Each structure stands twice: as C-alpha cells, then as structure tokens.
Amino acid sequence: MKKNRLNLALLVLTIVVVAVSVWGPEMLASYGDRNVLNTIRTQAEEGGAGYRYQLSRNEKLYILSRCLNSQSAPGTEQNTRAREAGMDYQELTGTYAFVVNHNGPSGQEITDTEIFETANEEIETLKELGILPDAIREVQADSYEAALYSAIDVPDPRNNVAVWKLSLLGSLQNANKENRLIDAYIDADDGRIYEFYVRSALKWEEIDPDELVEKWSSYMGLAAPEPYENDNPLLETTPYYKKYVFSGGGDERTVVTVGFYDGIDELFLKVSK
C-alpha cells in the first residue's frame, strides 16, 4: 500500500516537472510582456542633454582659444578682419573651426535683440571690478556689428562654444575711438566677456597686468593662472604685454595675454593656445 502511494506521488511529481518545463517559460514571458507593454519608461543617458554638452569654463576657454588661433585675430588696425562663411559640420576640416552661426540663437542663448543690453551690463561689471576704465562708453546697436559664432571641436562637434563677436562698425573706423570698445567675444550663454580690445586714455605704465588678470579670472570663474615660461619677444606685435597660463581641462592649457598698443592707446585681453 505504501509502495503504491509512493509510486503515485512520483508520477504526480513527474507530471508537474514536465508541465513546468513545457509551459513555464511561455507563462513567464507572457507575465514579463504585461509589465513592459503599454508602459512608458525613462532612462537617463550619459553625456548630458540639450543642444551641446555642458563644458566647464576652462574647457570652453580652451576650445575658443584654439578656434580663434585657426583664424585671424580680431582687434585693431594691426589685425586683419576675417569674414568666415557659415558651413555645415560635415564640411569642416582640421581640428578646430570658428564659423558664423547663420541659424541664429537656439532659444537657450542670448538673442540679437538682447546682446547689446547684456554687453553693457557686463562692461559695467568689468568697470566695477577695475578691469576696464570707468570712461569706457556703452555700446549701441547703430555703432556695432554683432555676429553669432560657433567655436567647434571638429573631431567631436558636440563640444562647441557659442559666442557673440561685437565689433565697432567699419564705417566708424576713422571716428574718434577714445573710450570705446573696439572688439569683444562674449559667451552666448551667460554674457561673460572672454576677450576685449578697448581704447582709453590709460598708458601701459598705469596698468597692472597681474591684478587685471587676477580680477578677470575671478570674474570668469577660473582658477588663478600659472606662470608663463616662454618669454619670446616675437610672440606679439607690441612690446607691452604679459602672458598667463590657464588650465584647459585635463592636460591642455590656454594662454591669456594682457597687452597694450602704444600710439593708439589700446588695452587688450585676448585668449590663445
């Protein structure tokens, strides 16, 4: 009797094992489908969201400097004004490119109607910090040209910096430029002024470049610069300058120059590789 019960139990167990092996996977798959189908799920993606990656200030400064070095520098009569044509990313060559953004602001950037107000606000901030002379005049839309540019890391174009270039109109080149902004590069996201050329009554002897660059680096949110080792006098077209090295992110570096053109009394702060 006990043997019959044991045989019956083994038979039932065998039937259950066979049933599970045959229909179990299908039942589990069906249950999983009910949990996935018709359900909206989100997943965070690495690399950030938006129209371009969020770069640190040091990285943005470095990319801009490399791009500006790939074309003629802005500024005074000593410099050639380059007029770049807009192009698609796929058409770009080289490692870095600085091109006109013909598409205009993306909606997250300072617009062409806001750039002059923003520039004047930042100029006032630089005056208060002692970076610019108090006598520098406001910029007006009828006296300046504003163009939106993209500074692009060509091998990885997601790394790009949008900047407004503000330049005194060519029709005013023979006008009195004293106490005027001549050229500037302005961050299209937050309005910070990366680079500027201004005319004033100051002389080089009245300018403390160490103090000026320290205030500018604080304004930009950069760590203090390191000493610049190369003292080649042929680096600039003026003998009145001093260079500083900032971290560009990782092992890269950016050189920032504070200088002065004698004769036209032009103070400048520019970025270069």
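Throughout, residue positions are numbered sequentially from 1 according to the sequence presented. These figures come from a predicted structure and were not determined experimentally.
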**Q** To the nearest 0.5 Å, tell me how far Thr118 OG1 sits from Asp190 CG.
**A** 10.0 Å
**Q** Using only atom types and a distance under 3.5 Å, with no angle test, would you say the side chain of Trp164 pairs donor to acceptor with the backbone of Ala119?
**A** no
**Q** What pair of heavy atoms forms the shortest contact from Tyr244 to Pro209, and how long is it?
**A** OH-C, 3.1 Å
**Q** Using atom types as modelled and distance alone, determine if a side-chain donor or acceptor of Tyr185 lies under 3.5 Å from a backbone N or O of Lys270.
**A** no
**Q** Please name the pair of heavy atoms, one in Gly130 and one in Lys215, separated by the smallest distance, quoted to 0.1 Å.
**A** CA-NZ, 4.1 Å
**Q** Do you see a donor-acceptor pair shorter than 3.5 Å between the side chains of Tyr241 and Glu236?
**A** no
**Q** Do any N or O atoms from the side chain of Ser200 and from the backbone of Leu202 form a donor-acceptor pair under 3.5 angstrom?
**A** yes
**Q** So how far is it from Glu124 CD to Glu138 CD, rounded to the nearest 0.5 Å?
**A** 6.5 Å
**Q** Taking the six-membered ring for Trp, are the ring centroids of Tyr144 and Phe116 within less than 6.0 Å of each other?
**A** no
**Q** Would one find more than 12 heavy atoms of other residues, nucleotides or ligands at under 6.0 Å from atom CD of Glu117?
**A** no
**Q** Which pair of heavy atoms, one from Ile193 and one from Ala184, lies closest together, and at what distance?
**A** CG2-CB, 4.5 Å
**Q** Can you tell which of Asp183, Leu64, Leu68, Val163 makes a side chain to side chain contact (heavy atoms under 4.5 Å, CB included) with Glu195?
**A** Leu68
**Q** Might you work through the side chain to side chain contact (heavy atoms under 4.5 Å, CB included) test for Ile152 and Tyr96, ending with a clear yes or no?
**A** CA-CA 6 Å; Ile152 305 164; Tyr96 293 92; over 6 Å; no
**Q** Is Tyr219 atom OH crowded by more than 12 heavy atoms from other residues, nucleotides or ligands, each under 6.0 Å away?
**A** yes
**Q** Could you tell me the separation between the NZ atom of Lys242 and the CH2 atom of Trp204, rounded to the nearest 0.5 Å?
**A** 8.5 Å
**Q** Under the 3.5 angstrom rule, does the side chain of Ser217 hit a backbone N or O of Glu214 as a donor-acceptor pair?
**A** yes
**Q** Please round to the nearest 0.5 Å and tell me the distance separating atom CD1 of Ile186 and atom NZ of Lys165.
**A** 12.0 Å
**Q** How are the rings of Tyr197 and Tyr261 set relative to one another: parallel (under 30°), tilted (30 to 60°) or perpendicular (over 60°)?
**A** parallel
**Q** Do the charged groups of Asp187 and Arg57 touch, with an N to O distance under 4.0 Å?
**A** yes
**Q** Within a reach of under 6.0 Å around CD of Glu206, are more than 12 heavy atoms found that belong to other residues, nucleotides or ligands?
**A** yes
**Q** Could you grab the distance from atom CZ of Arg253 to atom CG of Leu61, nearest 0.5 Å is fine?
**A** 13.0 Å
**Q** Using a 4.5 Å cut-off on heavy atoms from C-beta on, say whether the side chain of Ile123 contacts that of Leu126.
**A** no
**Q** Quick one: does Val256's side chain get under 4.5 Å of Leu222's, heavy atoms only?
**A** no
**Q** Kindly indicate, with the supporting measurements, whether the criterion side chain to side chain contact (heavy atoms under 4.5 Å, CB included) is fulfilled by Leu269 and Val258.
**A** CA-CA 5 Å; Leu269 184 150; Val258 176; 4.0 Å; yes
**Q** Can you check whether Asp265 reaches Arg199 side chain to side chain, under 4.5 Å on heavy atoms?
**A** no
**Q** Using a 4.5 Å cut-off on heavy atoms from C-beta on, say whether the side chain of Tyr194 contacts that of Met220.
**A** yes
**Q** Does a side-chain heavy-atom distance below 4.5 Å link Leu148 with Asp112?
**A** no
**Q** Examine distances only and state if a side-chain atom of Thr238 and a backbone atom of Tyr240 form a donor-acceptor pair shorter than 3.5 Å.
**A** yes
**Q** Could you tell me which non-hydrogen atom of Tyr62 sits nearest to which non-hydrogen atom of Ser65, and how far apart they are?
**A** O-OG, 2.7 Å
**Q** CD1 of Ile264 to CD1 of Ile182: how many Å apart, nearest 0.5 Å?
**A** 8.0 Å
**Q** Tell me whether Lys127 contacts the main-chain N or O of Ile136 through its side chain, where contact means a donor paired with an acceptor under 3.5 Å.
**A** yes
**Q** How far apart are the closest heavy atoms of Asn58 and Ser247, and which atoms are they?
**A** ND2-O, 2.7 Å
**Q** Would you say that Lys60 contacts Asp189 through its side chain, given a criterion of any heavy-atom pair below 4.5 Å between the two side chains?
**A** yes
**Q** Any side-chain to backbone donor/acceptor pair from Ser70 onto Ala97? Under 3.5 Å, distance only.
**A** no
**Q** Taking Pro157's backbone N and O only, do any of them form a donor-acceptor pair with Asn160's side chain (distance below 3.5 Å, no angle check)?
**A** yes
**Q** Which pair of non-hydrogen atoms, one from Leu181 and one from Leu168, has the smallest distance, and what is that distance?
**A** O-CB, 4.2 Å
